[in-house]
Amino acid sequence: MSDSQKPTLMIIDGHSLAFRAFYALPVDSFQNREGQHTNAIHGFLSMLISLLQNEKPTHLAVAFDISRYSFRTREYPEYKGTRGETPVEFVGQIPLLEEALKAMGIQTLSKEDFEADDILATLAHEGSENGYRVLVVSGDRDAIQMVNDNVTLLYPNARGVSELKRYDRDAVFERYGVEPHQYPDVAALVGETSDNLIGVDKVGEKTAVKWVNLYGSLDEVLAHADEIKGVVGQNLRDQIDRPARNRKLNHLLTDVDLPVSVGDLDRRPIDETAVREVFDRLQFKTLLQRVMKIAAAERGDDATAAAPSDAVDDAAAIPAIRTMVDEELAKWISTNSKDNTAPLGLTVTSVDGVVTGLGLATATETAFVPWAADRPDYEALTTWLASDSPKFMHSAKTQLKIAADSGLNIAGVAFDTMLAAWVLKPSGKPEELEAQVYSYLGETIEQGDPNQLVPETEELSPATKSWYVVRLAEYLASRLDEGSLAVLTDIEMPLVPVFAQMERTGIAVNRQLLTDLSSSLSTTAADVARNAFEVIGREINLGSPKQLQDVLFTQLEMPKTRANKTGFSTDAASLADLQEQAPHPFLDLLLQHRDATKLVQIITGIEKAIDDSGRVHTTYEQAGSSTGRIASNDPNLQNVPVKTATGRQIRASFEAGAGFDTLLTADYSQIEMRIMAHLSGDEGLIQAFNEGEDLHRFVGSRIFGVEPADVTAEMRTKVKAMSYGLAYGLSAFGLSKQLRIETSEAKALMTDYFARFGAVRDYLRNVVEQARVDGYTTTIFGRRRPFGDLNSKNRVLRDNAERQALNSPVQGSAADILKRAMLQIDADIRSEGLQSRMLLQVHDELVFEIAGGELERMTTLVHERMSGAASLTVPLDVQIGTGHNWDAAAH
DNA sequence: ATGCGAACGTA
DNA sequence: CGTACGTTCGCATG
């Protein structure tokens with residue numbers, strides 16, 4: 001009998017898969033109207049439905065653990081002892097999942113005192129012996145031991161449950177280097193952290209596999225422990241009870257007494273009424289459609305399932321791609337964009353930065369257009385691309401740049417699903433399209449042939465991607481509140497082409513200046529290092545904190561500094577402390593060396609990024625930060641040194657390019673304090689800004705009770721640190737550290753500050769309180785940042801969340817304001833036909849390249865647009881400077 | 001090769 | 001025991 005004729009038994013480890021799903025999907029995005037979390041259920045069912053479609057099991061069961069206690073924990077109480085509390089959001093999802101499974105006609109099994117894995121192993125064994133093709137679905141590595149010629153393990157990869165890797169005998173051997181039945185021997189030697197099973201010290205997978213292959217089994221390895229040389233051999237002999245114990249615990253039973261046999265696990269019909277009821281309660285719309293489709297197919301009602309006119313059943317079926325050119329394409333665009341009013345999904349694909357094709361889509365149709373730059377017949381397409389006709393894209397900036405490089409102008413980006421998802425949930429890295437489809441639509445994108453041993457990850461057609469984009473856009477738009485939607489459509493979306501243009505333009509760099517500076521700094525570093533080695537009498541790697549610790553705390557016996565994970569800190573602040581307590585020439589030399597090598601490092605990074613035309617192009621991460629700021633990378637041009645004279649020499653190498661007169665920099669002064677004044681409504685602060693006096697002098701005079709003219713430099717420094725620290729949630733302890741003053745003095749300073757500027761404290765308290773209730777903070781323009789840990793019982797987590805919460809509206813509003821200014825400046829430049837260009841954004845600063853004769857106009861418009869980007873109760877002060885290079889243009 | 005922590009550059 | 005980032009290095013894992 002061939003495999004395809006055999007009945008297929010699929011057995012699933014319910015807990016382990018549900019738990020994987022729980023961590024793979026955002027808790028916040030999956031809640032039903034009663035507030036019940038459903039992410040684990042959703043992920044599990046989505047995976048299950050895919051499995052039903054792809055594997056078509058004839059027999060099926062899901063096994064659950066009854067509790068975390070079993071015969072194993074009785075014999076060895078520490079087993080799985082490192083497992084923490086089950087998250088509250090997970091609790092309660094299992095009974096609901098069982099309900100859903102029951103409605104789908106799927107049997108669930110569990111047995112007191114045994115783990116689900118034992119039930120799986122027993123069924124796998126029975127199925128294998130009785131002519132079944134067996135598929136075990138589990139996220140527990142112990143399940144590998146079940147694999148044989150009839151049994152295949154489907155194991156979720158790191159990304160959760162959306163992709164399952166097939167482990168048959170060969171795949172296990174390829175991955176682990178042993179036969180499946182030997183895997184527990186290897187695991188026993190290595191240990192399993194998640195089960196709290198400690199292995200033999202210094203024995204990793206490599207060593208364990210070597211031994212097991214050499215001696216054939218764990219028993220034989222242990223019997224020959226005397227023969228194994230070296231430290232690991234000694235460890236094995238010393239700790240021989242560990243692998244022995246581990247092996248007993250990771251052995252799965254294949255003879256558990258179960259109330260059913262494999263034959264009883266044949267698929268039962270789906271109870272469609274019950275499924276509707278349960279899925280409706282869970283608010284799983286798409287999943288319901290997918291289950292119903294399977295139900296229809298299984299009762300032989302294929303016509304309904306396949307009918308393309310049935311919008312409901314067709315929702316999750318990928319439309320066939322039509323490849324189009326010329327008139328057909330022109331007609332398709334005109335019809336589906338309803339004469340440039342209706343949005344179409346758009347995806348540009350490229351090879352080595354050259355456009356090779358475009359995918360277009362509506363919610364029901366997809367089209368692929370092969371692209372060749374010299375084809376003459378694409379006028380309808382290029383006209384549509386360059387028009388304001390709305391396009392929905394994913395990560396539009398990247399595609400706009402590539403298209404522009406290939407001479408294709410794209411305008412009218414009306415929705416970007418990457419930006420939308422980030423505005424909805426601004427944390428972590430932005431998700432790829434495929435991940436979004438899974439997270440938000442609950443659909444798994446098939447990747448290659450699932451029967452491949454290692455499925456090749458076939459790139460999705462741009463046409464299909466566009467179709468997903470259209471559907472995602474609809475979903476994401478429906479999830480956005482009014483404020484977030486405004487941020488997306490009025491700020492983030494219009495900025496896409498602006499950032500794309502800035503990145504493409506880049507900024508000119510004087511390579512010679514950098515090279516000279518770098519070699520001089522390298523010489524300095526080498527000289528300083530030589531001196532340092534002389535002082536301590538030996539040569540070490542000054543860049544190694546570990547070796548530095550040895551010098552400072554062992555050799556030189558200096559007092560211990562702040563502790564970190566690898567011992568004691570050697571950072572600049574700690575070294576300064578040491579210099580005070582135990583002065584030593586090595587300390588200063590070390591700092592000088594750090595300084596010089598750091599700058600060389602930064603220069604090297606910039607040099608490597610200079611292109612053939614002498615310009616450097618950063619990439620802005622528009623959807624990366626949690627506050628609304630943008631980040632710059634590859635290279636990062638937002639952390640070019642400015643504080644030291646040598647550092648500024650690096651800035652001086654950024655210049656106006658050929659054909660341009662000068663650089664212009666414009667920055668907001670004290671924008672975050674101004675936002676604090678506005679948001680808190682503090683009369684004192686507002687007065688300070690409205691009188692236009694030096695802020696820190698004004699505040700200092702109030703706190704210390706002297707005339708502004710009598711505020712000393714020392715007083716001003718303290719006040720300045722205090723003011724800036726406020727917006728970060730600085731504590732008295734932190735302030736004292738920074739100013740190197742007594743904690744009591746720092747405390748007094750804070751008390752005096754709040755006595756004069758009480759509304760600031762009230763505001764900061766209120767922000768945190770409101771966020772605790774709402775679950776998010778909001779900027780002046782409606783940008784939200786969610787917070788989950790404000791009610792955490794863990795103090796560290798809670799305190800961190802509180803500081804983040806009080807900082808977010810301030811930092812985020814500042815980001816919003818500069819973004820608004822950028823939009824208006826860009827619009828002015830274009831509408832007036834100016835040749836000057838916006839080059840860089842550094843959080844509160846913009847850098848421009850000024851074309852001949854445009855300095856005056858640019859100065860005026862930049863000033864106007866930046867000052868007018870928000871109307872606060874205090875003015876927005878903008879400082880402008882010009883000069884041939886970035887340093888000279890500073891003020 | 002890959003991932004993590006330390007350190008440090010900016011606003 | 002101060003927010004938000006990105007990059008580089010050493011070092012421990014593979």
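When reading the values below, keep in mind they use all heavy atoms of this one structure, side chains included, and skip hydrogens, waters and symmetry mates. Protein chains get the first letters and strands the later ones, always in sequence-line order, with residue 1 at the start of each. Just so it is clear, the structure is predicted and the values come from calculations on it, not from any experiment.
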Check your understanding: Among B/dC8, B/dG5, B/dT10, which nucleotide sits nearest the side chain of A/Asp571?
Key -> B/dC8

Point to revise | Audit row: A/Leu589, A/His593, side-chain contact (heavy atoms from CB on, under 4.5 Å) steps and yes/no | key: CA-CA 6 Å; A/Leu589 291 167; A/His593 184 261; over 6 Å; no

Point to revise | Most 5' of A/Gly734 and A/Asn639 on DNA chain C, judged by nearest nucleotide | key: A/Gly734

Revision key, fill the gap. So the contacted stretch of DNA chain C, first to last nucleotide with an atom under 4.0 Å from a non-hydrogen atom of chain A, runs from C/dC1 to C/dA12

Just how far, in rounded Å, is [atom2] of [N] from [atom1] of [X]?
X        : N      : atom1 : atom2 : result
A/Asp844 : B/dT10 : CG    : P     : 13 Å
A/Arg648 : B/dG9  : CZ    : P     : 14 Å
A/Arg562 : B/dA7  : CZ    : P     : 7 Å
A/Asp634 : B/dG9  : CG    : P     : 21 Å
A/Asn564 : B/dC8  : CG    : P     : 12 Å
A/Trp886 : B/dG9  : CH2   : C1'   : 12 Å
A/Lys565 : B/dA6  : NZ    : C1'   : 11 Å
A/Gln811 : B/dT10 : CD    : P     : 17 Å

Could you tell me whether the side chains of [X] and [Y] share a donor-acceptor contact shorter than 3.5 Å?
X        : Y        : result
A/Asp571 : A/Ser574 : yes
A/Thr619 : A/Asp634 : no
A/Glu655 : A/Asn510 : yes
A/Asn766 : A/Gln770 : no
A/Asp201 : A/Gln239 : yes

Which part of the nucleic acid, if any, lies within reach of [X] when heavy atoms closer than 4.0 Å are counted: base, sugar-phosphate only, or nothing?
X        : result
A/Lys546 : sugar-phosphate
A/Arg803 : sugar-phosphate
A/Ser632 : sugar-phosphate
A/Val642 : sugar-phosphate
A/Gln738 : base
A/Ser569 : sugar-phosphate
A/Ala814 : nothing
A/Asp667 : nothing

Review point. Under 4.0 Å between a side-chain N/O of A/Lys598 and OP1 or OP2 of B/dG9, yes or no?
Key: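 False: A/Lys598 side-chain N/O out of range (4.0 Å or more) of B/dG9 OP1/OP2.
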
Point to revise | Side-chain N or O of A/Thr570 closer than 4.0 Å to phosphate OP1/OP2 of B/dA6 | key: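 No, no such contact exists.
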
Point to revise | Plane angle bin for A/Trp886 and A/Phe654 - parallel if under 30°, tilted between 30 and 60°, otherwise perpendicular | key: perpendicular

Exercise for review: Would you kindly check if the NZ (Lys) or CZ (Arg) of A/Lys165 is within the cone defined by 45 degrees around the ring axis of A/Tyr167 and under 6.0 Å from the six-membered ring centre?
Suggested key: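 Flagged: A/Lys165 positioned over aromatic ring of A/Tyr167.
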
